[in-house]
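One-based numbering, in listed order, for ligands and for the atoms of each. The shown structure was predicted, so the numbers you read here are calculated from the model rather than taken from an experiment.
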Amino acid sequence: MTQSGNSTAPQPAAPLHVAITMDGNGRWAQKHHLTREEGHWRGRVRLYDIVRAFSDRGVRYLTLYAFSTENWRRPAAEVESLLALAATAIEHDAPRLHEQGARLLHLGRKDRIGREIAEAIDRVVSMTGANTGITLSVAFDYGGRQDILEAARSLIRDGRPAESLTEQEFGERLLTRGLPDPDLIIRTGGELRMSNFLLWQGAYAELYFTPTLWPDFGPDDVNQALDTYAARTRRFGALEAD
Ligand code: FPP
């Protein structure tokens, strides 16, 4: 098991890759008599602590679902606020994560999020590219079906003969190429659905749903999710555990 951070206590088996749907910002805001936008901004605040909590427990890859291809359907003001939030995260959080040795990646389309943000993403990805700490992928303008569709399109464009195509080769055409499949997918906010997140990659992921709203999700919740994962038996479709 890979360990990082300064924790010396014995740890239960950690998932290599955790992916999170950060849901519940709007309801958190409503509960606190704030605007939905303020809920999203609050959702960013503890990002750094959460990344560190996963890293300290030995997680090597963390993927966060920040904006889906369907989120464009939200009111323009909310979309704008989420784009501004992404710009702020890149400006303020990325350098801090870089100092901690995190490698940052982006999953999703870059042609609709504005040139400034797209270029800032490229800079951050290249700045952190050689880092050896946790790999933090931010899914922004990401959709699982679109990811699969684009992979199929690129294979067809390249004239790839269909018969010998393997799952591994298909996976190399996805946005997540080079990343292991998620072992654990967490969804906060109490909804029980996938919402177009890592549909191919999550085929055998353990699912963990919590009613905790994303802005309330903290290091204790990270530990609880990882302890629950450690107690599960993964069989990957077989009768015995691997
Ligand atoms: C879903 O809550 C959350 C989002 C659409 C945005 C998630 C973004 C963050 C937490 C900020 C982090 C940003 C970056 C760039 C890393 P919701 O609005 O669907 O909540 P609701 O279900 O309560 O309405």
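Contacts of Arg145 classified as salt bridge (charged side-chain N to carboxylate O under 4.0 Å, His left out), with partners at least two apart in sequence or in another chain: none.
Relative ring orientation between Tyr65 and Tyr142 is described as perpendicular, the plane-to-plane angle rising above 60° on a 0-90° scale split at 30° and 60°.
Open room surrounds CD on Glu116; 12 or fewer heavy atoms of other groups in view lie less than 6.0 Å from it. The local environment of CZ in Arg73 is sparse, with at most 12 non-hydrogen atoms from other residues, nucleotides or ligands closer than 6.0 Å.
When all heavy atoms of His40 and Asn25 are compared, the pair lying nearest together is ND1-ND2, 3.0 Å.
Near ligand 1, Met22, Asp23, Gly24, Asn25, Gly26, Arg27, Arg36, His40, Gly43, Leu47, Ala66, Asn71, Arg74, Leu82, Leu85, Ala86, Trp214 each place a heavy atom less than 4.0 angstrom from the ligand.
Leu47 places a side-chain heavy atom less than 4.5 Å from the side chain of Met22.
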